[in-house]
Structure formats: structure tokens, C-alpha cells
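Have a look at the structure below before the remarks.
Labels below follow one simple rule: chain letters A, B, ... track the order of the sequence lines, proteins then strands, and each chain is numbered from 1.
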Protein chains: 2
Amino acid sequence: MAALDNIDLKILQFLQANALMTNKEIAARLNLTTTPIHERIKRLESEGVIEKYTAILNKSKLGKSLVVLVDVTLKEHAASFLEQFEKDVLLLPEVVECYCISGGSDFLLKVLVRDMDEYRHFILHKLATLSNIGNAQSRFVVNEIKSQTPVPIEVI
Amino acid sequence: MAALDNIDLKILQFLQANALMTNKEIAARLNLTTTPIHERIKRLESEGVIEKYTAILNKSKLGKSLVVLVDVTLKEHAASFLEQFEKDVLLLPEVVECYCISGGSDFLLKVLVRDMDEYRHFILHKLATLSNIGNAQSRFVVNEIKSQTPVPIEVI
DNA sequence: TTTGAAACTGATAATGT
DNA sequence: ACATTATCAGTTTCAAA
């Protein structure tokens, strides 16, 4: 992969701030024409620097107002158990982020739900039913100072 | 704000999966013409359901391979101290997510840096220099199972 | 690698059902 | 609230510097 120069980095900044910014406007801001912008963006896409373009949605306007961080500890730690948990958790739409971490617990989950009722249902009927769950400690998000994560959408 | 119907929700799903999907393709998938798609998207934007469109970038290809979750406890908890910390942390580009939480600590930070050297510098010369920091406990991300967060880009 | 221009495609607005 | 049509703006491609 070719190293990224400053023009690439600025293009990435612009597209991260607004994925719909036109090649024309990017070109104008960088004192170039649209062709090099277009070619660089295509290159950044094909090299995987740009993974995708997404719409950032408002959680609460989609009825998902409760964010909970869950520290999960497994009972068994053999590789196969870790992998099974990772597979299982990927299938839960409420889990919008999941990290395998060092330290006290094994995983940190970011869970997005409508309200406390839905969270109770998630814990009792979804998370706790996974095999190999040892301990799950919930911490509720009081205020989101910085964050931009996808929102799960269930079409009825 | 008008309630969202299933067509709205599907449009949101499509745009979350790919912000560059054309009105034409969305229309085809929903058996409609481009006009209602266009009008609905404009409405969703103006109502703030769609907050922005962004490019998802590959962290490691941008030289940010180390993700650390930091539990921060403050010394003083009066409202003014909390607000000051929130203001301060917004100015740190390494902090890509920040939550005020219930439970053991006061804040959880997601920090994105190049490597351990850069992390040491962040802790010693940036986080620890903020006033009112009581305790900061780091947990390193071993594996990211799910996540899509913006990457800070510094143009040289 | 970039420019400039030409061909193509999608976004947008007006009109009608 | 949606379909059709017409116009406009952006993307995309290519010859040439």
C-alpha cells in the first residue's frame, strides 16, 4: 500500500466530516481539479483505508435512549470458548460495540436499548442464555460526551 | 416529529449500510420511484433523525493500532468539576468516545493511539495534566469484535 | 500526476394523479 | 403521498500536457 500523503489525509478528514462532500468542493479546498480527487478516493477505497460510508443516526429519535456498558467475564477461557462468545455476541443487535480486553473482565459490551424494560429482557433472555457467561456487570451511561456508533434498526 | 413508518426505517437501514446508495436503488428495492425516497430522506435529515454522513476509516491503515479503554475517577464531583472535565476531554483528539457512567468510576474513555509510546505520552502529558483527575485505570483492547468509530487524523 | 472537456448518471424541482 | 417528466449538477472517463 502506498503511503498516504497530506492530500490523502485531508481528503479523509473531509469525507469523515461529510461523506457527501462533492469532489468539486474537495478539489476547490485543496486547489486541485476533480480528477485527482476522484482517483485518490477510488484508490483509498480499493486499498481499504476507506471501509464504508454510513449515515449517523440519532439514537433517541429511533427510540433507543438507554446506553449500557457491560463488563462480561466468562467461566472458561480456552480459545474455543472465547471464539464461541464472539460469534454469539455478533448476533445480538443490541450489542453495538464489543471488545476483548485485558484487565478485570474479559469483554466490554456497549448495549443500546429502548429503556430499562428492554434492557432487563436483554440481560435475562439474551445475554444470560449464552453458554459460558460467568459474570456480567452493568454500568449505565448517564451522559454521552463523545460517541458515533451505528443504531440497530428493526423493521417491523 | 412525525412517526417513522417502515419505509423510513428501511431507508435508514440502507443509508446506514451505505450512505452513497442512490435514491434510484433504494426506490427499486422498495418498489417506489425516486421522488418519495428523496422527500423522505430530506425530511429525515431536517428532523435530525439522520445526523450526518461519514466515511468509516481503517484505524490501523491510518497508523492508530492501539485501542485503550480508560476508567477515570475524578477527585471532586461538584457539577462544575464534571463539566470542566467534559470540556477538557472533548479537546483531546485521542479520545474518540467518552461516557459519564454510573458504577465504580465516573467516566469511561475510548482512546485511540499509534502504539504504547504514544499512549504513555497521552497518559502522562495529556490526561494526567487535567485538573481534578483522581484515578485512571487502563484496559487494553486485545480484539475488536464490533466497532465503528471515527479516527482522529492529524495532517502534518 | 494533473488538466480540461465530453459523456453519462443521478439529484432535484415542477406538474399531475 | 406517489408517478412522470424535464432540468441541472456531479461523477466518470479520456486525450493530452
*Counting only side-chain N and O atoms of B:His38, is one of them less than 4.0 Å from OP1 or OP2 of C:dA11?*
no
*Side-chain N,O (B:Arg40) to OP1/OP2 (D:dA1) below 4.0 Å*: no
*asked:* Students often get this wrong, so: under 4.0 angstrom with heavy atoms, is B:Pro36 touching a base, only sugar-phosphate, or nothing?
replied: sugar-phosphate
*asked:* At 4.0 Å (heavy atoms only), tell me whether A:Thr22 reaches a base, stays on the sugar-phosphate, or touches nothing.
replied: sugar-phosphate
*Look at the side chain of B:Thr35 and the base of D:dT4, then say whether one donor and one acceptor between them are separated by less than 3.5 Å.*
yes
*Among C:dT2, D:dG10, D:dC2, the nucleotide that comes nearest once only the side chain of A:Glu39 is considered*: C:dT2
*B:Lys24 side-chain proximity, nearest of D:dC2, C:dG10, D:dA3*: C:dG10
Rounded distance (Å) that lies between atom [atom2] of [N] and atom [atom1] of [X]:
X	N	atom1	atom2	result
A:Asn18	D:dG10	CG	P	13 Å
B:Ile37	D:dC2	CD1	C1'	10 Å
A:Tyr53	D:dT11	OH	C1'	13 Å
A:Arg43	C:dT1	CZ	C1'	11 Å
A:Asn31	C:dT2	CG	C1'	13 Å
A:Leu32	C:dT3	CG	C1'	10 Å
B:Glu45	C:dA11	CD	P	12 Å
B:Met21	C:dT9	CE	P	19 Å

*Using the closest heavy atom to pick a nucleotide of DNA chain D for each, name whichever of A:Asn23 or B:Asp5 lands nearer the 5' end.*
B:Asp5
*asked:* Any side-chain to backbone donor/acceptor pair from A:Asn132 onto A:Glu76? Under 3.5 Å, distance only.
replied: yes
*Exam field: side chain A:Thr34 to backbone A:Asn23, donor-acceptor pair closer than 3.5 Å*: no
*Just say parallel, tilted or perpendicular for the rings of B:Phe140 and B:Tyr119, cut-offs at 30° and 60°.*
perpendicular
*Please assess A:Glu118 against A:Lys64 for the test side-chain contact (heavy atoms from CB on, under 4.5 Å), listing each intermediate value before the final yes or no.*
CA-CA 10 Å; A:Glu118 199 174 305; A:Lys64 303 285 179 181; 3.2 Å; yes
*Do you reckon A:Val89 sits in the same ILVMFWY cluster as A:Val68, going by side-chain contacts under 4.5 Å, direct or chained?*
yes
